[in-house]
Every structure is written in C-alpha cells, then in structure tokens.
Amino acid sequence: MKLKKFLLLFMSTILFFGLAACSSEETKSGASDSEEKVELRVAWWGGQARHDKMNELFDLFEEKNPNITVSREFTVENQYAEKFTTQAAGGNAPDVMQTSSFFQFDFVKRNMMLDLGPLVESGDLNVKDLDPMDIEGGKVNDKLYAISLGHNITGVIYNKAMFEKAGLEFPKNNWTWDEYVETAKALQKSLGKDAWATEDEGGVYRVLELFAQQRGKSVFKGDGLGINKQDLTDWFTFWDQMRKDGLTPPADIQSEQGDKTQEQSMLALGKAAMISKSSNQLKIYQGSAKDELAIVSYPMDPNGEKKAPLIVASLGISAKTKHPKEAAKLINFVVNDPDAAKIFKGEHGPQASKQMQEVIKPLLGEPENKEYAFVDEMIQSSKPYPSMPSNSTSVQKLLLSTNQAIAFKQKSISQAVDEFFSQAEQILNR
Amino acid sequence: MLNLFDQKRWSSIIPYLFLAPWLIGLVVFSGFPFLSSLYLSFTNYNFVSSPNWVGLKNYLTMFTQDPQYFQAIKVTVTYVLVAVPLELSFALFLALLLNKGIRGLGIYRGVYYIPSLIGGSVAIAILWQQVFGDSGIVNQLLGYAGIDMPSWVGTPDYAIWSLILLKVWQFGSPMVIFLAGLKQIPQEFYEASSLDGAGKWKQFIHITLPCLSPIILFNGIMQIISSFQAFTPAYIISNGTGGPVNSTLFYTLYLYQNGFGNFQMGYASAMAWSLLLIIAFFTGLIFLTSKKWVHYGDQG
Amino acid sequence: MLYPILWMIISSFKPTQSILSDNSLWPKDLTLSNYIKGWKGTSGTTFATFYLNSFSMVGLAVIGNVLSCSLTAYAFARLEFKHKKIWFALMMMTMMIPMHVLIVPQYIIFNKLEWINTILPIVVPKFFAVDGFFIFLTVQFIRSLPRELDEAATIDGCGPIAIYFRIILPLTVPAIVTTTIFTFIWTWNDFFSQLLYLSGVEKYTVTLALRMFTDAGGEAALGSLFAMSVLSIVPVFLIFVFFQRYIVEGIATSGMK
C-alpha cells in the first residue's frame with residue numbers, strides 16, 4: 001500500500017514539473033533600458049584557436065558596451081548539439097548561439113530559434129552589407145533565422161607536391177569526372193603502395209550531395225529522399241571502381257581513418273593526395289601538412305548543373321531570449337564591425353560583408369588567399385544549402401555504413417542500395 | 001538516550017534514519033528522471049515541444065522495423081558475454097598475485113591500475129589505433145611472425161575484439177575490489193587449514209572462493225550492468241559511428257544516436273527501458289543462482 | 001601490456017609532428033614544449049585553475065559518497081524494515097538505465113534549483129547516495145562479516161547505531177577506501193555532466209579542458225593533449241597508490257578479533 005502511495009507521489013511530481021512546460025519565462029522585454037546591466041549568454045563550438053578568438057572578440061564587445069556582459073559557453077563540436085539541446089529542453093538555452101547550414105533546419109523545426117525578421121526591420125540588426133547568398137543561407141521557410149559568420153564551399157583539397165611528382169598540371173575549377181579519374185590514376189602510379197590518390201568518399205554525405213546537385217536533385221527533399229535508386233547505384237558503382245583500381249585506401253584502412261581531426265588525416269600525413277572538404281579547412285590542413293596544399297572545385301558533370309551549395313556558419317538568437325535587442329547588437333558587432341573582423345579573421349571562411357573582407361585582406365596568409373580566390377569564383381554559381389529533414393543524421397550514418405558494407409564485400413551494390421532505401425525511408429518516417 | 005523513546009518504536013525508526021539520505025536522494029534526484037524516462041518511452045519527444053503520447057509505437061518500431069536495433073543487441077551481448085568473464089578472471093588472477101604482504105607492491109598495483117585511469121580519456125582513441133591500427137604495434141609483431149593482418153579497428157570482424165581487449169585491459173576496478181575482498185578473509189582460516197595439511201589449490205577452492213563469493217557476485221553483476229551500458233570506448237574509438245559497418249554499434253551508442261543525433265528522446269527512452277528489462281533479466285538470474293554459490297558471513 | 005601507456009608518456013615529449021609517424025619508444029628528440037604550451041590552457045585560464053576546480057569538486061564528491069553510501073548499505077545489509085527486497089531491487093534498477101535518457105529530466109531539476117554553472121549538480125547528489133554501485137559494494141562487504149560480531153555487541157548492550165560506529169565502520173575500511181578511490185576517479189573523469197553543468201571557463205575542470213585540445217579546427221594540439229593527459233593521470237595515480245595501502249594494510253591493524 002505504501003509503495004502505491006509513493007508512486008502516486010512520484011507521478012504528481014512529474015506533473016508538477018510538467019516536463020516541457022518548464023520553460024515558463026517568455027517575457028520578451030522589448031524595451032530594454034540601455035542603462036540596465038544585461039548578461040548575454042553566447043554558445044559556440046570549436047577548437048582552442050577559435051575559443052581564443054571568440055573570447056578576444058567578446059572582451060572588445062564588453063569594452064564597447066559597458067552595460068552588457070557576455071558569458072561564454074564553448075565546447076567541442078561533437079557535444080555541442082547535445083549540450084545546447086539539453087539546455088533548451090531545460091528552458092535554459094543561451095541567448096545567442098552558433099549554428100550552421102547543417103544545424104539550423106533542425107533547430108528551427110523544433111522552435112529553438114528566433115525569427116530575426118522583426119529585428120532587421122526595426123534596424124537592430126544590420127544586414128545591408130551582407131551577400132544575398134549568405135542571407136538566403138540563413139533562411140528556413142523564407143524566414144531569416146541565422147546571420148552568416150562566413151561561408152565556404154566543399155572542394156577538393158590536394159597536395160601540390162604529389163601532383164608535381166606525378167607530372168600533372170594542377171586541376172582547374174569545374175574539372176570533369178573523367179579528368180578526376182584520369183588524375184587519380186596518374187597520381188596513384190607515382191604514389192606507389194602506401195599512399196593513395198584520394199580517400200574513399202563513397203560514404204560521405206556532403207559529396208553525395210554535390211553529386212546529386214549536378215543531376216538537379218538533392219539527397220533529401222521535403223521529409224524524404226530526393227535521389228532515386230539509380231542515382232545511388234551510379235554513385236556506389238563509381239567508388240567501387242575507384243577502389244578496384246586501387247585509387248583509394250583499402251576498406252580497413254579507410255574505416256580506421258574515420259572522421260579524424262585534420263592533423264591525424266591521411267592528407268596531412270602524406271598518405272592521400274586529395275580529400276573533399278569545406279574550403280575554410282584548407283588553412284587548418286595546411287597547418288599540419290608538410291607539402292603545399294591547394295583547393296579546387298569538386299569534379300563536375302559537364303552536361304549537368306554546375307552549382308555547389310554554399311555552407312554558411314552563422315549566429316542565431318534563442319527563441320526564448322529575454323534580450324533580443326542586445327543579442328542583435330552583439331551579432332551586429334561580430335558581422336559588421338571592422339575591429340571585430342580584424343580579430344575574427346574569417347574563421348569560418350570569407351565573411352558575408354564585402355567590406356569586412358576588404359578590411360582583413362591585408363592580414364591574410366597564403367592558404368587563406370587561395371581559399372578566398374576559390375570561394376569568390378565558386379560563389380557566383382552557388383545556391384543555398386538544401387534543407388534537411390529530421391533524422392537526417394541517421395541517414396548520413398547509414399550512407400557511411402552502406403558504403404563500408406560494399407567496400408568490405410558484405411553486400412552487392414544492388415542489394416546495398418535496396419537496403420539503404422528501405423532503411424532510410426523507415427528512419428525518416430519514424 | 002534510548003529510554004527517552006519507546007524501545008520498540010525507536011528500533012523501527014532506526015533503519016529509516018540510516019536510509020534517510022538515500023530516500024531523499026531517490027525522491028529528489030533519481031526518482032523523477034527515472035520515472036519520466038519511463039513516461040517518455042511512450043511518447044514522441046524532441047526535447048523542445050511537449051511530449052505527445054504515442055502508446056506502444058516506439059516499442060513496436062524497435063522490435064519490428066529496426067534492423068539496427070538487433071545489430072546493436074547482437075554487438076552488445078557478444079561484448080558482455082566475452083569481455084566480462086575474461087576481465088573478471090584476469091582481475092581475480094592478478095589480485096591473487098598482488099595479494100602478498102611484500103613491500104613495494106603498492107607501486108605494482110598502481111601500475112596495473114593505470115589503464116583504468118585513462119579509460120574515458122580522449123587520448124585512448126589514438127592509443128588504441130597505435131596498438132590495433134593497420135600499422136599498429138600488434139600488426140607489427142604479427143608481421144615479424146609472418147602473419148599479415150588487416151587493421152583491427154578498421155575491419156568489421158575484428159573491431160569488436162579490439163574493444164573487448166580494451167575492456168579486459170582496463171581490469172583495474174574489479175581487481176581493486178577483489179583485493180579489498182581478499183583482505184577481509186580472516187587469516188586464521190588459512191592457518192587452520194594449513195595445519196590440516198591443505199595445499200594452495202585446496203585453500204583456494206575451499207577458503208578463498210567461498211569467502212570471496214559475495215565480492216565475485218558484486219563484481220559480476222556490476223560488470224554486467226556496466227558492460228551492457230558500455231558507451232565511451234565505442235563512442236571514442238569509432239568517432240560515434242559504431243563502425244565499421246555497425247560492427248561496434250553498442251546498444252547505448254545507438255540509443256545515444258537516436259536521442260542526441262535525431263533528437264528522438266521518446267525512442268531513446270523506450271530503448272533504455274528495454275535495456276533495463278534485459279539487464280534486470282540477467283542480474284535477476286544471477287541473483288537467483290547466487291543462493292547456491294554465494295556464502296555470506298551473516299548466514300554463519 | 002604497458003606499451004600504450006609508455007608510448008603516450010614518451011609521445012608527450014615529442015614534437016607534435018612526429019607523434020603519429022613514430023610508434024617506437026625511443027624518441028629522436030625530446031621537448032618540454034608540449035607541457036609548457038598545454039599548461040597555458042584556454043584564453044588565459046591555465047591548468048592551475050582547472051586542477052583547483054577538479055580537486056575541490058572531487059573532494060566534496062568523495063566525502064558525500066563515503067558518508068551516505070555507508071549508512072544506506074548498513075541499513076540494507078543488517079537492519080530489518082518493510083519491503084526491504086523491493087527497495088533493494090529499486091536501488092539496483094536505478095543503475096540499469098543508461099544515463100543518456102536521464103540527462104534532460106536531471107537538468108530540469110537542477111535548473112529549477114538554479115544550480116546551473118556551479119558544481120552543486122555534480123556534488124550534492126553524492127551526499128544522498130544516488131550511486132547504487134557503492135551501496136551495493138558496501139552491502140556485500142558488510143554481509144561477508146560474521147553476524148556473531150553484531151550479536152556479541154548486542155549482548156554487551158549496543159544498539160544498531162553503536163554497532164555501526166564501533167564494529168561495522170572500522171571493519172569495512174577496505175570498502176570505504178574503494179569507494180574513495182573510485183569516486184575520485186570517476187568524478188574526475190565524468191566528462192558529460194561537467195560539460196553540461198559547468199559553462200564558464202573559469203569553472204572548467206581538467207577533464208573538460210583536455211577535450212578542448214581534440215576538436216578539429218585549430219593548430220595542431222596533439223602534443224598538448226598527450227602532455228596534459230599524462231599530467232592529469234598523475235594526481236589520480238597518486239591518490240590510488242596512497243589509498244590502496246589502506247585496502248591492504250588498514251584492515252590488519254584494526255583487528256579482526
């Protein structure tokens with residue numbers, strides 16, 4: 001009997017806390033007194049170098065705005081969504097948070113981000129100087145939710161010395177798939193046994209997206225898949241051939257590689273000549289590689305659509321913030337203030353504001369110059385990143401393990417493709 | 001002091017005095033999360049919107065439509081069945097070796113414990129690669145012996161073994177508990193049996209094992225509970241993917257992917273409660289058999 | 001068996017670039033720069049702060065666990081009360097749920113209590129015996145003590161409280177020391193709750209700061225990671241070596257008679 005009473009007590013405690021209803025503070029004080037002391041919480045992810053920059057940035061912001069203190073919550077990328085989501089569930093989300101083309105759809109779908117339209121209209125948020133592509137990239141369902149910190153485009157980062165040794169000319173943007181394969185074969189010949197022309201990228205969602213884009217499609221469409229079985233079969237067949245020709249590492253070495261940090265990557269260690277990554281990573285790879293690196297566009301289908309989606313890293317405001325105006329002020333500072341730009345130095349790639357790009361141009365190093373040249377050329381024919389349905393991360397993981405299953409010869413391509421589609425549909429419908 | 005109270009009432013209150021901290025902790029800190037996860041397992045909950053009741057849907061999806069769920073069970077059960085007995089026998093063996101009153105052994109015990117200290121550290125991923133990678137030390141040694149092996153951590157058939165060996169390598173915790181248990185065995189037992197002419201092996205079977213049995217039970221149950229929930233090694237070494245080809249997709253890793261990768265806390269909670277049932281089944285079984293082989297001092 | 005550890009220690013003295021390309025134990029050139037660079041930590045907060053934070057958090061956690069778990073275990077092992085088996089089963093069951101589904105409700109509680117960005121969510125529950133592992137451990141130790149000890153004491157006029165303090169507590173020193181060691185190590189290493197509840201860098205612990213070295217997107221930090229990993233093991237190792245003596249020697253001096 002006592003136990004029953006006790007359980008009853010428990011259940012009422014649950015009702016009392018009311019799980020999701022715990023975020024009761026929804027008072028958005030629009031009229032914030034400028035004299036009033038305000039504490040803004042800002043969250044971002046990254047490595048040590050980024051933390052140092054961001055801290056310097058916010059120290060300067062506090063100096064310029066004595067009534068605002070910025071409390072900083074930074075973490076590594078892996079656990080960022082986890083921490084942020086838990087905070088939001090607990091009704092304690094930070095006021096301003098970093099997001100990106102990969103996070104924002106999900107954050108918006110779950111009502112975690114504030115529609116920035118009104119703040120732009122009221123003039124609190126100045127987006128006049130920002131590239132229209134960046135603004136488009138911050139929109140979900142035609143509403144602006146995120147302000148770009150910088151943009152990048154996926155390309156092929158390659159080791160120049162290895163190209164020279166193989167007697168190859170450096171590739172040019174919009175090179176074709178045939179050229180890509182021919183280059184890989186020539187590279188492999190000169191690389192020999194313990195290094196490979198490229199990593200096996202058959203399981204990498206981001207490059208499959210590029211492949212799909214060239215066919216006028218995208219991997220995800222609405223709440224389902226945007227590609228068909230033929231597309232995926234073609235894709236896996238291409239990589240299977242690359243593996244059979246010995247142009248990629250064998251399956252075990254490739255899966256051991258996993259998704260390692262740049263300094264542990266095959267490219268940095270001189271074990272691979274090419275890898276497809278975001279353009280803003282060129283400088284990081286260069287930091288750990290002995291040979292000179294460069295970046296070129298992902299191979300293109302000469303008859304297909306030549307558009308690479310733009311990846312935007314951005315800042316958004318929490319839907320539950322009590323200080324939207326101060327938060328806007330902080331974002332304004334980061335994206336429009338020359339002093340901020342000089343500290344930030346395009347950490348996430350060229351900033352959306354051309355003016356800011358000009359400000360930091362003299363401060364950039366050699367890898368950044370290459371990166372900017374690449375992005376400036378490619379952005380002409382880019383478009384906003386396609387939206388992603390919920391559970392898409394699981395489908396991305398499924399892609400990786402499906403490619404591995406083919407590489408380890410556990411499944412034939414057609415069997416693997418069939419299973420991918422049935423499983424992906426189940427995951428997306430869950 | 002005792003006279004101030006009615007003797008009988010006082011003695012019925014005393015147990016609750018000892019239990020008070022735990023009871024408060026249960027109500028304030030554990031009970032709500034515990035029961036709310038049960039409730040959430042019947043809902044669709046994405047952390048932000050209110051959970052909506054979906055009945056048994058999560059459980060049905062799990063058992064009927066999710067091949068990865070069964071893969072996760074297969075991986076985890078293999079892991080538990082192989083790693084736990086191996087680790088425990090290893091730990092017991094070393095505890096017996098180290099349980100000598102020789103000076104300086106403390107350092108040895110410490111050295112054996114170091115692997116357990118770096119268990120959750122991120123450095124472990126790189127270390128393990130260095131040992132079981134394609135050009136790691138294990139393959140180098142095998143290479144001298146003329147055996148050519150692929151990367152252990154990178155091959156579906158071997159990856160789980162590298163994690164099992166990692167678990168066995170970190171035998172420090174059960175070893176310390178065994179050591180502590182061995183120290184509680186009254187020395188007189190051994191002295192008496194020596195007089196009776198019993199050898200070392202006989203002493204081990206007739207004194208050490210029975211006296212240590214409560215601790216063996218403890219270590220067994222706790223290792224089973226923790227191995228079923230093993231997360232960190234797989235998470236760190238496979239970078240959260242459970243690869244290659246889901247060969248290290250541990251149960252809690254898959255649960256975590258659903259919860260924090262897809263933000264499906266309802267589904268993750270359903271997985272958690274199914275796991276509770278699985279673990280409860282195994283531990284219940286062991287508790288039942290324990291009446292036959294565990295000897296408590298309080299039973300005389 | 002010790003190769004991985006030796007390799008890690010040696011690597012911490014190698015220049016970052018040569019760590020991955022070299023798995024021998026004989027380094028060509030040694031450097032202390034990893035330690036110097038690593039110690040500086042993040043944005044002006046050094047590892048001195050992180051160590052201080054870790055130690056104060058872990059110290060409180062140990063005290064809490066030792067006090068509360070021992071009391072609870074005594075009740076479960078020796079005293080009689082209603083529905084004891086059900087309570088015990090409940091205690092075991094709370095350990096069988098993966099922590100990942102408990103995080104959000106726990107966070108909600110601590111947020112309500114306004115304990116976020118303090119060590120309270122990590123430390124206070126320890127005073128209320130939320131960790132069944134240590135209760136169960138101590139129960140098993142107490143139960144392996146002969147019941148005659150209690151009976152003799154009862155004849156001498158001792159109540160349960162006196163028995164606990166005079167007999168059980170001294171005789172379970174090994175269990176208490178084990179609790180101390182494990183609480184120390186596990187709290188020290190418990191990455192996720194630290195990540196969740198400690199936000200400001202001035203509150204960061206060693207374990208949190210270590211993770212900062214591993215995220216992609218910065219200059220090479222592998223050397224610092226190894227150097228600080230080695231350093232972070234030192235206090236835990238010393239605690240272990242110091243306390244385990246009590247497992248081995250403590251009981252002998254306290255007298256079994």
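Remember, it's a predicted structure, so these values are computed and weren't measured experimentally. All chains are named by letter (A, B, ...) in the order of the sequence lines, taking the proteins before the strands, and each is independently numbered beginning at 1.
Residue contact with chain C, scored on non-hydrogen atoms closer than 4.5 Å, involves the backbone and the side chain of A/Thr86 alike. Using a 4.5 Å cut-off between heavy atoms, A/Gln87 touches chain C through backbone and side chain atoms alike. With a 4.5 angstrom heavy-atom cutoff, C/Ile116 touches chain A only via side-chain atoms. For C/Phe110, no part lies under 4.5 angstrom from a heavy atom of chain A. Interface residue A/Gln79: backbone and side-chain heavy atoms are both found under 4.5 Å from chain C.
Taking the ring pair (Phe, Tyr, Trp, His ring centres under 6.0 Å) definition, one finds that C/His100 meets it with B/Phe231, B/Tyr256, sequence neighbours left out. The side chain to side chain donor-acceptor pair (under 3.5 Å) check on A/Glu62 picks up A/Arg72, with sequence neighbours excluded.
Each of A/Arg41, A/Glu73, A/Lys83 has some count of heavy-atom pairs under 4.5 Å with chain C, and the biggest count is that of A/Lys83. Ranking A/Lys290, A/Glu56, A/Glu82 against chain C, the residue ahead of the rest is A/Glu82, based on heavy-atom pairs under 4.5 Å.
Taking each heavy atom of A/Phe74 and C/Tyr204 in turn, the nearest pair found is O-OH, 2.6 Å. Shown here for C/Tyr107 and A/Asn92, the closest heavy-atom pair between the two residues is OH-ND2, 2.8 Å. The two residues C/Val104 and A/Ala89 come nearest to each other via the heavy atoms CG1-CB, 3.7 Å.
The environment of NZ in A/Lys345 is sparse: at most 12 heavy-atom neighbours from other residues, nucleotides or ligands sit within 6.0 Å.
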